[in-house]
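Sequence positions, counted from 1, serve as the residue numbers for this chain.
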Amino acid sequence: MINVERKYVGGPLTKLWDDKGEFGQCVREDVTEEDIRDLLREAPIRFLEVNVGRPLRWIPLNERFEFWKSIRSNLHVSEKPYLEDYPSCFFYSASEWTGRDGERVIVLHKFH
């Protein structure tokens, strides 16, 4: 069993983890707001916040829409390259991952 309190220490993320162990593979990088909206329409997706020095933060499936609405203005776009361009001076870069049993996961790396 993997310690879910294990902290992300930085660098490229090669696996995801939860209380059942390690899993997952990155499908694509640089996921856009439009991509995420499309994914939310297609099937249930999970959000995962990755922040250096903290455990992975899995957003419960039933909170995905509320979470997405609360952070979408902080999704990185190339036209806004600086932290100061975003609310509360942080942004997320997004990537799409496969989870267990075909689950789709949007991994949000937090930069601050």
Kindly work out whether a path of hydrophobic side-chain contacts (I/L/V/M/F/W/Y, heavy atoms less than 4.5 Å apart) joins Leu13 to Val9. no

Between CZ on residue Phe91 and CG on residue Leu108, distance to nearest 0.5 Å: 12.5 Å

Taking the side chain as every heavy atom from C-beta outward, state whether Tyr8 and Pro55 have any atom pair closer than 4.5 Å. no

Any Arg64 side-chain heavy atom under 4.5 Å of Leu40 side chain: yes

Which heavy atom of His112 sits nearest to which heavy atom of Leu83, and what is that distance? C-CD1, 3.7 Å

If you compare all heavy atoms of Trp68 against all heavy atoms of Arg37, which two are closest, and at what distance to 0.1 Å? NE1-CG, 4.3 Å

Before giving the answer on salt bridge (Lys or Arg N to Asp or Glu O under 4.0 Å), spell out for Lys69 and Glu63 the whole-Å C-alpha distance, their side-chain angles and the decisive distance to 0.1 Å. CA-CA 10 Å; Lys69 288 176 188 175; Glu63 296 175 18; over 6 Å; no

Which heavy atom of Glu96 sits nearest to which heavy atom of Val31, and what is that distance? N-CG2, 3.5 Å

CZ on Arg41 to CD1 on Ile36, rounded to 0.5 Å: 12.0 Å

Please round to the nearest 0.5 Å and tell me the distance separating atom SG of Cys26 and atom NZ of Lys15. 11.5 Å

Quick test of your reading of the model: are Glu49 and Arg57 salt-bridged, counting only N-O distances below 4.0 Å? yes

Taking the six-membered ring of Phe23 as reference, does the NZ or CZ atom of Arg100 fall below 6.0 Å from its centre and within a 45° cone about the axis? yes

Would you check if the side chain of Arg54 reaches a backbone N or O of Asn51 as a donor-acceptor pair within less than 3.5 Å? no

What is the distance from atom OG1 of Thr98 to atom CG of Leu16, rounded to the nearest 0.5 Å? 8.0 Å

Test side chain to side chain contact (heavy atoms under 4.5 Å, CB included) applied to Tyr82 - qualifying residues, sequence neighbours left out: Glu84, Asp85

For the CG atom of Leu48 and the CD1 atom of Ile59, what is their distance to the nearest 0.5 Å? 8.0 Å

For Glu33, does the CD atom sit with more than 12 other heavy atoms under 6.0 Å from it, leaving out its own atoms? yes

Heavy atoms of Val52 and Gly10 approach each other most closely as CG2-CA, 4.1 Å

Mind listing the side-chain donor-acceptor pairs of residues 72-81 below 3.5 Å, one per line with the distance, residues two or more places apart or on another chain?
{"unit_1": "Asn74", "atom_1": "ND2", "unit_2": "Pro87", "atom_2": "O", "d": "2.8"}
{"unit_1": "Asn74", "atom_1": "ND2", "unit_2": "Phe90", "atom_2": "O", "d": "2.7"}

Tell me, with the steps shown, if Leu61 and Arg46 meet side-chain contact (heavy atoms from CB on, under 4.5 Å). CA-CA 6 Å; Leu61 196 57; Arg46 297 271 320 263; 4.0 Å; yes

Leu39 and Ile106: CA distance, side-chain angles, deciding distance, side-chain contact (heavy atoms from CB on, under 4.5 Å) verdict: CA-CA 9 Å; Leu39 287 168; Ile106 297 297; 3.5 Å; yes

Does any part of the side chain of Asp18, heavy atoms only, come nearer than 4.5 Å to the side chain of Leu56, both counted from C-beta? no

Donor-acceptor pair between Trp97 and Ser95 side chains, under 3.5 angstrom: yes

Would you indicate whether the side-chain heavy atoms of Val105 and Trp58 approach each other to under 4.5 Å? yes

Output all residues satisfying salt bridge (charged side-chain N to carboxylate O under 4.0 Å, His left out) with Asp35, sequence neighbours left out; order by chain, then residue number. Arg28

Gln25, CD: over 12 other non-hydrogen atoms inside 6.0 angstrom: no

Is Val107 reachable from Phe65 through a run of hydrophobic residues whose side-chain heavy atoms are each under 4.5 Å from the next? no

